[in-house]
Number of protein chains: 2
Amino acid sequence: MSKELVFGHQSPDTDAIVAAKALSYLENKLGHDTEAVALGEPNEETKFVLDHFNEPAPRVITKAAPEVDSVMLVDHNEPQQSVSDIADVTVSTVVDHHRISGFNTAQPLFYRAEPLGCCSTVIYKMFKENDVEIPAKLAGLMLSAIISDTLLLKSPTTTPTDVAVVKDLAKIADVDYESYGLDMLKAGTNLASKSEKELIDADAKSFEMAGTTVRVAQINTVDLPEVFDRQAALEAAAKAENDADGYDLFLILATNILDSNSELLVVGAPTEPVEKAFGKKLANNRLSLPGVVSRKKQVVPQLTDAFNA
Amino acid sequence: MSKELVFGHQSPDTDAIVAAKALSYLENKLGHDTEAVALGEPNEETKFVLDHFNEPAPRVITKAAPEVDSVMLVDHNEPQQSVSDIADVTVSTVVDHHRISGFNTAQPLFYRAEPLGCCSTVIYKMFKENDVEIPAKLAGLMLSAIISDTLLLKSPTTTPTDVAVVKDLAKIADVDYESYGLDMLKAGTNLASKSEKELIDADAKSFEMAGTTVRVAQINTVDLPEVFDRQAALEAAAKAENDADGYDLFLILATNILDSNSELLVVGAPTEPVEKAFGKKLANNRLSLPGVVSRKKQVVPQLTDAFNA
């Protein structure tokens, strides 16, 4: 088998970067030749994680086909979230924890998805099944990914498996996961130094919903008013991306990670399915979403249903 | 969790029936409430297997939604191969060994596919990972499914894992898998008693290829001339199904399981991609395909490529 690249989704978050490193490590132990890469630079939170564990950032690629025939995807499967030339390579392996949408192959493949809080939790199970030991540093990285995806095990995406795995990884990495986790999440909410474009690009994903292209960005914060002081500029940045990239609708989910409430800012059209999805009317282009912290579980399915109704 | 149904594809073969029984057994051991059902009656080979191990045939369903909210798929994922109302239920779990095509979900799910020779081989691995013992009778059934899918480990879809698993299951079931396997495969080739419609329906799957609906039936035999003595009647039966069910192209792959050669009979249009896929011209609506035994590995990808070229 020739070399394969392993990578997570565009606008990588901590799990996208770490899951690629973890799967690549496991596959290499099992005799494959892989390299973990990324489809973008690490965000603030991920930089904090990589610094903390003294781990280099992965090489960033924009195309895969010039380098390899075959790739492994982690933490995503939808083609519009993947490398730009995904259609030109064979996907041999997917490890994920999302819905499956628009993902088609010509050949049988290895596909492992579980409805768990984090892709790194699925990969932890694969280490156990294959009897491969997780080194302390990698355990620290995987722990960080789970804390990131589950907002310190508070998101409704959190499963008992995620909790048990975090505790085991914390032992291996010798980390107090609660105090470390809070520091890590706060490191990701340093918003003042960023432009509005950076804020809406840092953790954004595109979804096809009944023919409409919906972009959903999430901004974690410890202070929602600090985000909405910049509402007009955020709307202008989102409108510019709608125009440039052909999104119909740009949704900015600002989430207070301390009290687990969100505020949704809506730019573009149609807005009716958004109002229907959450059963409330937009006011000043915003919807208040108390208790909502998970794009995957509390936003995308509701929107998908509303668009398909 | 309320009860879920577990089933394989339409026109079930031995793996479709057995994998459903095996996954249902495993899931129930893990605390879920499932029932293995089927989307059609067992074929001759499967009847031989069920009789041999004194196992009842599964209940046949035509719709899932009147009974359950949620289902588990084995040995398939493509919606047109599944239960007719698949769009009206949630797919919670898929265990498969095929390409992924046209399969989309609104929610994260459990999806386990590996490029192995048989879905029952994947399920064997899941038993091991979950430390659940395989009872002797179920081991005999799973062994039969692997022998069926790999034509006694001779098909190019066979992997070293399939070989090792067959040997372990043969020990658990206390079966001489080589002599049993040959008897079983021969039991599936009793063609004289069947109508042409029965022959082309027994193991047939539909595929979307660049907007064309292609039906591919496989008939196993120990005597190819016996099949083609009935060529005119087979063509008439295929044409009738094209007209009734909207297939553009009906391919009948007749495979000699003793010497691993096939002859392809083509009914409908366009025929050019079929000729291109195998690099030879039709003669008397037929193509000779020496060494071809696997629809999945030696027919469908080649056709898909030719249609998409």
Side-chain angles (χ1 to χ4, degrees), chain A residues 70 73 75-79 87 90-119 121-122 125-131 149 157 159 161 207-210 294-298 300-309, chain B residues 70 73 75-79 87 90-119 121-122 125-131 149 156-157 159 161 207-210 294 296-298 300-309:
Chain A
S70 181
L73 309 185
D75 199 31
H76 75 296
N77 65 83
E78 305 192 29
T90 298
V91 178
S92 74
T93 302
V94 178
V95 184
D96 194 16
H97 68 131
H98 294 90
R99 71 171 190 179
I100 297 178
S101 183
F103 181 81
N104 297 295
T105 67
Q107 295 276 2
L109 75 162
F110 183 96
Y111 199 109
R112 173 76 174 258
E114 297 198 30
L116 300 174
C118 181
C119 186
T121 309
V122 183
K125 291 182 70 175
M126 293 168 64
F127 270 88
K128 294 292 167 186
E129 288 160 9
N130 288 285
D131 256 332
D149 266 21
T157 57
T159 68
T161 305
F207 301 89
E208 291 298 320
M209 296 185 183
S294 167
R295 171 173 50 200
K296 182 167 74 170
K297 205 143 180 166
Q298 297 173 295
V300 171
Q302 290 74 3
L303 279 173
T304 303
D305 286 351
F307 269 96
N308 288 322
Chain B
S70 182
L73 309 185
D75 199 30
H76 75 297
N77 66 84
E78 304 192 31
T90 298
V91 178
S92 75
T93 302
V94 178
V95 183
D96 195 16
H97 68 131
H98 295 90
R99 72 171 189 180
I100 298 178
S101 183
F103 180 80
N104 296 295
T105 67
Q107 296 276 2
L109 74 163
F110 183 98
Y111 199 109
R112 173 74 174 259
E114 298 197 31
L116 300 174
C118 181
C119 187
T121 309
V122 183
K125 292 182 69 175
M126 294 168 63
F127 270 88
K128 295 292 168 187
E129 288 159 10
N130 287 284
D131 256 332
D149 266 20
T157 56
T159 68
T161 305
F207 301 89
E208 291 298 319
M209 296 184 184
S294 168
K296 182 167 73 168
K297 206 144 180 165
Q298 297 173 295
V300 170
Q302 290 75 3
L303 279 173
T304 303
D305 287 350
F307 269 96
N308 288 322

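Here is the naming used below: chain letters follow the sequence lines, and residue numbers restart at 1 for every chain.
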Practice task
Report yes if the side chains of B:Val95 and B:Met126 come closer than 4.5 Å at any heavy-atom pair, otherwise no.
Solution key: yes
Completion exercise
Residue from A:Glu114, A:Lys125, A:Lys297 scoring the most non-hydrogen pairs under 4.5 Å with chain B is A:Glu114
Exercise for the section: Return the option, out of A:Val300, A:Leu109, A:Thr304, with the maximum number of heavy-atom pairs under 4.5 Å with chain B. Expected result: A:Leu109
Problem - SB check A:Arg99 A:Glu78 (cutoff 4.0 Å) - result: yes
Completion exercise
Interface check, chain B: of A:Val122, A:Asn104, A:Ile100, most non-hydrogen pairs under 4.5 Å belong to A:Ile100
Completion exercise
Looking only at B:His98, B:Lys296, B:Lys128, most heavy-atom pairs under 4.5 Å shared with chain A are made by B:His98
Problem - Side-chain heavy atoms of A:Tyr111 within contact of A:Thr105, under 4.5 Å - result: no
Handout entry: Within-4.5 Å side-chain heavy-atom neighbours: A:His97 and B:Pro108
Key = no
